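Take a look at the structure set out below.
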2 protein chains.
Amino acid sequence: MELALAEARAAAKRGEVPVGAVLVRDGKVLAQAGNRTRELNDPTAHAEILVIRAGCASLDDERLTGCDLYVTLEPCTMCAAAISFARIRRLYYGAQDIKGGGVENGARFFAQPTCHHTPEVYSGFREQEAEVILKEFFRARRI
Amino acid sequence: MELALAEARAAAKRGEVPVGAVLVRDGKVLAQAGNRTRELNDPTAHAEILVIRAGCASLDDERLTGCDLYVTLEPCTMCAAAISFARIRRLYYGAQDIKGGGVENGARFFAQPTCHHTPEVYSGFREQEAEVILKEFFRARRI
């Protein structure tokens, strides 16, 4: 989660909503990324989607069986569904996202009958640090 | 929708789940794609995501304001959320997807409080043709 927080801070410096994600397999980092929606002009370029795509590319497989994902913020509904499609084993995340989350909030995708693979979910990791990064980013943008 | 059906048929020939999508702006086709998850080893490479990414790249914008999307099958939850993020104006789709859809089924993403842009949604276009393409594909794979 330390690496994911560093990716979130790096995203903030690029003017992106500061969310970071790290994909791990067998104790090794397979991919790490921060949000790049503005830089790439791609509304799907959330940190989670970027590490899923990079991880699949490096494994040459459309499934990430046995891989665990660390994210600083509760994944949105798009990312929750992508995590399920990729067959990620465990999801660890930091802060909750009441306005945009899709795991504990809103669509609660993993609890839907249309969700066909549910990862183990653990939340609240380094929650306060993840929240501070987001709050400082949005406070600075409002000035 | 004719073009989207052609993309679905082309996807089937490549061994991909046959779904096709076309993105239109001001009466012109901005992007068209079929599902390529297997070919690209990318679980996010649904037809809708591919045309959203291609459309954003061609407009050099992370929003597809004023664009309409034609898809042969009800978008899944991941794609529904991406459609919302991309600010697509109207969504036209063919067959319903009871097992995996995220618009009329399952998460019903556009009706969630975490959905901050809802396109106009029209369904049932060329529904039977879209269903036949899917049914024939899965029947052939079971043999």
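Quick caveat: nothing in here was measured; it's all calculated off a predicted structure. Below, read A as the first sequence line, B as the second, and so on, with proteins coming before strands; counting in each chain starts at 1.
A:I88 and A:L50 sit in two unconnected hydrophobic clusters of ILVMFWY residues. Membership requires side-chain heavy atoms under 4.5 Å apart, directly or through other members. One hydrophobic cluster holds both A:V17 and A:V51 under the rule that ILVMFWY side chains link at heavy-atom gaps under 4.5 Å. A:L30 and A:Y92 are members of different hydrophobic clusters when ILVMFWY side chains are connected at heavy-atom separations under 4.5 Å. B:F110 and B:Y93 fall within a single hydrophobic cluster, where Ile, Leu, Val, Met, Phe, Trp and Tyr side chains are chained together by heavy-atom contacts under 4.5 Å. Taken together through direct or relayed side-chain contacts under 4.5 Å among Ile, Leu, Val, Met, Phe, Trp and Tyr, B:L91 and B:L23 form part of one hydrophobic cluster.
The parts of A:F85 that come within reach of chain B are both its backbone and its side chain, each placing non-hydrogen atoms under 4.5 angstrom from that chain. Heavy atoms of A:L59 lying under 4.5 Å from chain B are absent altogether. Using a 4.5 Å cut-off between heavy atoms, B:R38 touches chain A through backbone and side chain atoms alike. Of the atoms belonging to B:D61, it is backbone heavy atoms, and not side-chain ones, that fall under 4.5 Å from chain A.
Separation of atoms OG1 (A:T44) and NE2 (B:H46) is listed at 12.0 Å; rounding is to 0.5 Å. Going from atom CD1 of B:I83 over to atom CE of A:M78 covers 11.5 Å, rounded to the nearest 0.5 Å.
Within residues 62-74 of chain B, the residues that have a heavy atom under 4.5 Å from a heavy atom of chain A are B:E62, listed by number.
When each of A:L40, A:D60, A:I49 is scored by its heavy-atom pairs under 4.5 Å with chain B, the top score falls to A:D60. Contact count versus chain A (heavy atoms, under 4.5 Å) is highest, among B:C56, B:A80, B:C76, for B:C56. With chain B as the partner, the residue from A:P113, A:A107, A:A81 showing the most heavy-atom pairs under 4.5 Å is A:A107. Between chain A and the options B:T37, B:I98, B:N105, the largest number of non-hydrogen pairs under 4.5 Å is found for B:T37.
Shortest non-hydrogen contact noted between A:I52 and B:P43 is CG2-CG, 3.8 Å.
Under the 3.5 Å distance criterion, the side-chain polar atoms of B:D42 are left unmatched by any main-chain donor or acceptor of A:R53. Remark: the backbone N or O of B:G100 is not paired with any side-chain donor or acceptor of A:H116 at under 3.5 angstrom.
A:L3 is linked by a side-chain contact (heavy atoms from CB on, under 4.5 Å) to A:V22, A:V29, A:Q32, counting only residues two or more places apart in sequence or in another chain.
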